There are 2 protein chains.
Amino acid sequence: MSYPSLPGILSGRMPPLKALRVFAVAAHYQSFKQAAEHLFVTQAAVSQQIRLLEEHLGQTLFIRLNREVRLTPAGQTLYPFVISGFEELSRGLERLNEDSNPDALIINCLPSFAGRWLVPGLGSFQQQNPALTVSIIPGHALETFEHSDTDLAIRFGRGHYPGLKTELLLEDYYLPVCSPSILDRYDLSKPGLGGIPILSDDLPDDDNLWPDFARRVGLPEPIHSSLLVHDATMLTDAVLAGQGLALLRFSLAYRLIESEQLVCPLPFYWHSVFSYFLVAPEHHFRRSKVQKFRQWIAEEILEISASWKKVSDTLLSGFEANSLPDSDSEPPVIQQACGPYSTSGKC
Amino acid sequence: MSYPSLPGILSGRMPPLKALRVFAVAAHYQSFKQAAEHLFVTQAAVSQQIRLLEEHLGQTLFIRLNREVRLTPAGQTLYPFVISGFEELSRGLERLNEDSNPDALIINCLPSFAGRWLVPGLGSFQQQNPALTVSIIPGHALETFEHSDTDLAIRFGRGHYPGLKTELLLEDYYLPVCSPSILDRYDLSKPGLGGIPILSDDLPDDDNLWPDFARRVGLPEPIHSSLLVHDATMLTDAVLAGQGLALLRFSLAYRLIESEQLVCPLPFYWHSVFSYFLVAPEHHFRRSKVQKFRQWIAEEILEISASWKKVSDTLLSGFEANSLPDSDSEPPVIQQACGPYSTSGKC
DNA sequence: ATAATAACTTAAGATTTTCTTAACTGAATG
DNA sequence: CATTCAGTTAAGAAAATCTTAAGTTATTAT
């Protein structure tokens, strides 16, 4: 098998490349000390690397004077080649991280999160970055970054996305909510919640809270949903419309609770085994537009955490004062989570 | 103190350079296995280096299929930069070893060695390398290679030339010689060698054999020289002209002994603490003209070694048969050396 | 003068990186 | 159905690199 001969250097024996780099820096500064600082190593390390290279080449590259080093003719010959060689290498590396479309930010996330939280709040980000065109691509499945231009995904899950970098954004809680307008129609203190219609979307198996819910409120299993939808947006709309009671993620409901469009009539909440994550191939995180967005959303999301503190406190204390007849005098039940947001990474 | 900002890559964080090189080779062959062979390491090492680089970059460079690897778009982007970057580096390295004058070979050596041995035998080298112009620069002092175009020096000494590479060429022996034409005029068996005139050049202190010589032949110390010259060439001429007895280095005398222009009338010889060395900055040895010369002289010099075997044998055996009256019936005295050429490096 | 300082060298040991060995995959070959 | 082939992975061995702690030698400061 014959191959085309290797281009240039690949065929020959290369000198220690690290030493070449050290040489480049030392030659630039005409000082081992400063090269050492630049490279975050000791002077001695620089001295040794240069010696190594000189031994490899069989000729000295620096003339050592008392308090200075100076390039020999050989060193002067080598210097420009080393500089331009390394520059070429780094040009290639920059090219890799280069953002082919720095003015567009394409984000993939759940439709519910997009509609209920992200898009409504996006104004401040767009004000901060007027040059940037943000596209939100809603979807239930994770984008394959290979075949799309997606910069970043916001996913609700366990945080295991092989080959991708993930950053925890927010842990979330499920809680039963309904419109205050229908509370007079149903007596939730009665067994079976007084017949209030149950609205549900299809929760993932691992996060299926309905059996536990049924047990606590005395409903027969499996629970009968009067409405089953596939997306939390529609579910939210149904709850808002007073069609019944649903388990909603706090992140989607908190603004509605704060504005009293929704209420939490039962002393339960569940910590979701899933969380929100920023997900993308690692190098996407190096794009400045992604960094800006990451920065922005990290701050924005604090609002949810803060709201949760308030709501979970009043939720519990409210029911402590006048506990539900149905609740077996138990204290409010908290599944899987205790207290406010924990940052323990169980991604 | 403000410095001009570092050119290109020097300022940024560099990826593992070794891994970049491995990438270049692997990308060239589109095969880790062949890259491994090329780099004289195992496949596993290549696999790991590539993974390392991919982790550093945050993106994959190769698509792993069952029995082949293929560059990803990112890999394809990087490849040409890496190739040309390394090519630039190696251009610089080649430039360093480049011989500015490949058609001229400039050799510095002792005038005696040049005149008595090197120049007379140089014909065969010049026949082998007709394109090469050989210049012999005779001199007693070692050339400073910095300020001359000398390619190579042949020095007689201990082999300690700091900063320079040395190669042992030949160990040498001093022996007393005179012209056969004057042996009838002096009875060397008489005390004081029958008054034969002593010819000498100035030997270095460390190699001063005269006190020992005086003791052995019963001459008063310090020895009285009827002629003292500064160069062995002149000394040889004087001996040839029958002006007396001298201690000559075998390398200079052996042809004259073989042609019976000179004889060795006394059963002594001394191993010199000095030897002949090839001396030059290491990279000079990489020049092909120097390599050729080195090859040639190494072969040529075998002639001297071979001659020494013969001469030292006959010298000793001859005197064993009819030992000198004056020699106190001692066996022939050998200082510092025993027998033929030893290759023990005492440089 | 004498001391302090600055830049570099060197040796020895510690640390980190890189390599090898050996067991394992998964698809093509025969 | 077993082999082979190209690559992966983990663990330990080997090698390269770095730090620490002395020196060196000339310059600057006291």
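All chains are named by letter (A, B, ...) in the order of the sequence lines, taking the proteins before the strands, and each is independently numbered beginning at 1. Fair warning: this is a prediction, and the values are worked out from it, not measured in the lab.
One interatomic measurement links the two molecules: CZ of F23(A) to C1' of dT17(D), which rounds to 20 Å at whole-angstrom precision. As rounded to whole Å, 21 Å separates atom P of dT17(C) from atom CZ of R21(B). Computed from coordinates, the L65(B) CG to dA6(D) P distance equals 14 Å when rounded to whole Å. Here dG26(C) presents its P atom at 18 Å from CD of E68(B), a figure rounded to the nearest Å. For the pair F40(A) CZ and dT15(C) P, the interatomic distance rounds to 22 Å; values are reported in whole Å. As a whole-Å value, the separation of E37(A) CD from dC8(C) P is 11 Å. Between the CD atom of Q43(A) and the C1' atom of dA22(D) there is a distance of 13 Å, rounded to whole Å. Straight-line distance from the CG atom of L39(B) to the C1' atom of dT18(C): 13 Å, rounded to whole Å.
Using a 4.0 Å heavy-atom criterion, one finds that V69(A) contacts the sugar-phosphate atoms exclusively.
Between the side chain of K18(A) and the backbone N or O of Q49(A) there is no donor-acceptor pair closer than 3.5 Å. Looking at H283(A), its side chain does come within 3.5 Å of a backbone N or O of G58(B) through a donor-acceptor pair.
Classification of the Y276(A)-F156(A) ring pair by plane angle, with boundaries at 30° and 60°, yields tilted.
Here T77(B) pairs with nothing under the side chain to side chain donor-acceptor pair (under 3.5 Å) rule; sequence neighbours left out.
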L105(A) and R287(A): side-chain contact (heavy atoms from CB on, under 4.5 Å), yes or no, with the steps?
CA-CA 10 Å; L105(A) 176 64; R287(A) 299 175 178 171; over 6 Å; no
Start with the C-alpha gap between Q48(B) and R51(B), add the side-chain angles, then the distance that decides, and say whether side chain to side chain donor-acceptor pair (under 3.5 Å) holds.
CA-CA 5 Å; Q48(B) 288 169 135; R51(B) 177 156 45 80; 4.5 Å; no
Check against side-chain contact (heavy atoms from CB on, under 4.5 Å), L78(A) and L57(A)
CA-CA 11 Å; L78(A) 186 56; L57(A) 299 173; 4.1 Å; yes
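With DNA chain C read from its 5' end, the first of the two nearest nucleotides for K33(A) and K18(A) is the one closest to K33(A).
The existence of a salt bridge linking E94(A) and R91(A) is excluded, since no basic side-chain nitrogen approaches an acidic carboxylate oxygen closer than 4.0 Å.
In this structure, R249(B) fails the cation-pi test against F274(B), since its NZ or CZ atom is not both closer than 6.0 Å to the six-membered ring centre and inside 45 degrees of the ring normal.
Considering only the side chain of A45(B), dC19(C) comes nearest among dT20(D), dC19(C), dA6(D).
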Could you write out each protein N or O paired with an N or O of nucleotides 28-30 of chain C at a distance under 3.5 Å?
| from | atom 1 | to | atom 2 | distance (Å) |
| --- | --- | --- | --- | --- |
| dA28(C) | O4' | R67(B) | NH1 | 3.4 |

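Contacts between residues 47-64 of chain B and DNA chain D, defined by a heavy-atom separation below 4.0 Å, involve S47(B), Q48(B), R51(B), R64(B), listed by number.
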